[in-house]
Q: 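I'd like to ask some things about the structure below.
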Amino acid sequence: MVVCLSDSDASVPRGTELPGHGATFGAMLEEFNTAARLLDLEPGLWKVLTSPKRQIVVSCPVEMDSGETEVFTGYRVQYNIALGPAKGGIRFHPAVTLDEVTALAAWMTWKCAVAQVPFGGGKGGVACDPTRMSRRELERLTRRYVAEIVDAIGPDKDIPAPDVNTNDQVMAWVMDTYSMHTGATATAVVTGKPLELGGSAGRREATGRGVSIVAREAARHAGFSLDGARVAVQGFGNVGSVSARLLRRMGARVVAVTDWKGGVYDEGGLDVDAMIEYARQNQTVDGFPAGRPLSNEALLSLDADILVPAALENQITSKNAAGVRARVIVEGANGPTTPEAHRQLHERGVLIVPDILANAGGVTASYFEWVQNRHGYFWPEEDVNERLEAKMMAAFETVVKTARRYRVDLRTAAYVVAIDRVATVTRMRGMYA
Ligand code: GLU
């Protein structure tokens with residue numbers, strides 16, 4: 001089958017002229033370009049795969065509890081849908097921009113391709129500070145945001161999920177708002193729902209479970225065992241806390257945890273379950289009564305075996321990479337390491353398991369939830385966990401093999417795997433009109 005997606009203008013790499021292009025999308029492009037060069041990707045496909053398919057920006061007026069009207073800017077980006085409906089979370093955070101959401105949607109595209117789940121990549125976000133909003137305000141904002149993007153989402157179009165500062169309750173509001181608009185209860189429109197409402201067993205823990213599985217494999221790859229390994233975790237939301245809990249259960253010693261406010265260090269190992277309870281009550285791990293206080297910056301340069309950045313983008317940068325002493329970095333967050341920092345660390349022999357592989361457990365269990373919703377038949381948690389482990393192991397092995405074959409780092413290898421899969425399908429599907 002020959003489909004012409006090349007053209008004579010070989011002015012790639014590209015992307016700088018696209019709307020929403022900023023530093024975060026630029027970092028994604030840099031990673032993409034390295035792998036696309038190795039694959040000798042045709043210029044036409046290069047353009048297709050570096051262009052977001054659809055970017056939606058909406059204004060969401062919300063009546064606040066005070067009676068005042070506030071207007072929040074919301075985004076939904078469907079980056080690429082070659083492999084299936086767009087898939088990706090919704091985040092609520094003051095720093096949300098079109099640049100960030102576009103980069104995150106692109107990362108979802110590559111993540112779904114690496115994990116071999118039949119989805120494209122999407123992401124959504126609303127620029128707001130949920131820590132300063134009441135539950136009623138959050139509900140009104142969620143419903144208005146969903147109403148604004150309702151025509152663009154759906155079980156076969158685009159399926160949101162939780163992300164930073166959104167949870168199963170927010171997903172329940174998403175599902176209800178969509179269902180009210182379409183006139184029928186549609187559970188498969190969103191994943192990460194409460195169990196009672198069509199959620200999947202194991203979905204909430206899935207990202208952290210995936211992180212812990214690849215951390216175990218990465219340690220083995222780097223020549224040490226998880227047993228007694230010293231782990232430092234940045235971020236204690238869903239991903240950070242579950243990763244810490246499961247790594248501890250696998251025999252590792254979680255010696256440090258920090259979050260947006262601060263954190264703690266204890267050489268003897270922290271009681272992660274007690275920290276989860278403390279964080280639930282205090283919204284932070286800062287002040288947890290153990291060990292000694294630790295700043296975010298100090299955590300990154302800790303002498304640990306495994307560092308798990310599980311907070312936001314751009315945490316390990318060219319400014320602090322020289323201080324990083326971990327042997328293995330497992331990226332629980334999306335985009336925590338900048339391309340320049342990644343280069344420096346890789347040259348120093350640090351093994352970095354990239355986000356699009358390391359945190360793919362979340363979307364993999366989301367895929368299982370979507371399948372269960374469409375079948376109307378639910379699996380026991382053991383089945384979800386077993387299938388998740390199989391998929392994570394398969395993805396890890398494929399990426400390691402690809403890294404060996406091309407003699408590249410794991411990030412470049414993961415991109416090679418992902419781009420190759422999306423490019424192959426795009427060539428097969430050909431060009432419409
Ligand atoms: N927000 C998660 C991520 O970044 C999950 C996305 C999903 O399950 O669709 O991977």
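Just so you know, ligand 1 is whichever comes first in the structure, and atom 1 is the first atom listed for that ligand. Reckoned from all heavy atoms, side chains included, excluding hydrogens, waters and symmetry mates.
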Q: Using heavy-atom distances, let me know which of Ala360, Pro162, Gly362, Gly88 sits nearest atom 2 (C) of ligand 1.
A: Pro162

Q: Are side-chain heavy atoms of Val170 and Leu138 found at a separation under 4.5 Å?
A: no

Q: Do Trp110 and Phe32 have ring centroids that are under 6.0 Å from one another?
A: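 Ring-ring flag for Phe32/Trp110: true, centres closer than 6.0 Å.
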
Q: Is the NZ or CZ atom of Arg327 both under 6.0 Å from the centre of the six-membered ring of Phe224 and within 45° of that ring's axis?
A: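 Because its charged atom sits under 6.0 Å from the ring centre and within 45° of the axis, Arg327 does stack over Phe224.
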
Q: Run down the list Glu369, Lys87, Arg91, Lys123 and name the one with the heavy atom closest to atom 4 (O) of ligand 1.
A: Lys123

Q: Which atoms from ligand 1 have a heavy atom of Gly89 less than 4.0 Å away?
A: 1 (N), 6 (C)

Q: Any donor and acceptor pair, going by atom type alone, linking the side chain of Thr166 with main-chain N or O of Ile90 inside 3.5 Å?
A: yes

Q: Name the orientation class of the two ring planes belonging to Tyr367 and Trp370 (parallel below 30°, tilted from 30 to 60°, perpendicular beyond 60°).
A: tilted

Q: Looking only at protein heavy atoms, which one is nearest to atom 8 (O) of ligand 1, and how far off is it?
A: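 Among all protein heavy atoms, the one nearest atom 8 (O) of ligand 1 is Ser366 OG, 2.6 Å.
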
Q: Looking only at protein heavy atoms, which one is nearest to atom 10 (O) of ligand 1, and what is the separation?
A: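 Checking every protein heavy atom, the shortest distance to atom 10 (O) of ligand 1 gives Lys111 NZ, 2.6 Å.
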
Q: So if I count the atoms of ligand 1 from 1 in the order they appear, which ones are less than 4.0 Å from some heavy atom of Ala161?
A: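 The list of qualifying atoms is 6 (C), 7 (C), 8 (O), 9 (O).
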
Q: When you compare ligand 1 with Asp163, is there at least one nitrogen or oxygen pair between them that comes in under 3.5 angstrom?
A: yes

Q: Between Tyr278 and Gln283, is a side-chain contact (heavy atoms from CB on, under 4.5 Å) present by the stated rule, with each step listed?
A: CA-CA 8 Å; Tyr278 181 90; Gln283 275 72 57; over 6 Å; no

Q: Would you check if there is a donor-acceptor pair between the side chains of Asn359 and Thr207 at a distance under 3.5 Å?
A: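 The answer is no; no qualifying pair exists.
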
Q: If we set the cut-off at 4.0 Å for heavy atoms, which region of Asn334 has an atom near ligand 1: side chain, backbone, both, or neither?
A: side chain

Q: I need the nearest protein heavy-atom contact for atom 5 (C) of ligand 1: residue, atom name and distance, please.
A: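 Of every protein heavy atom, Arg203 NH2, 3.6 Å lies nearest to atom 5 (C) of ligand 1.
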
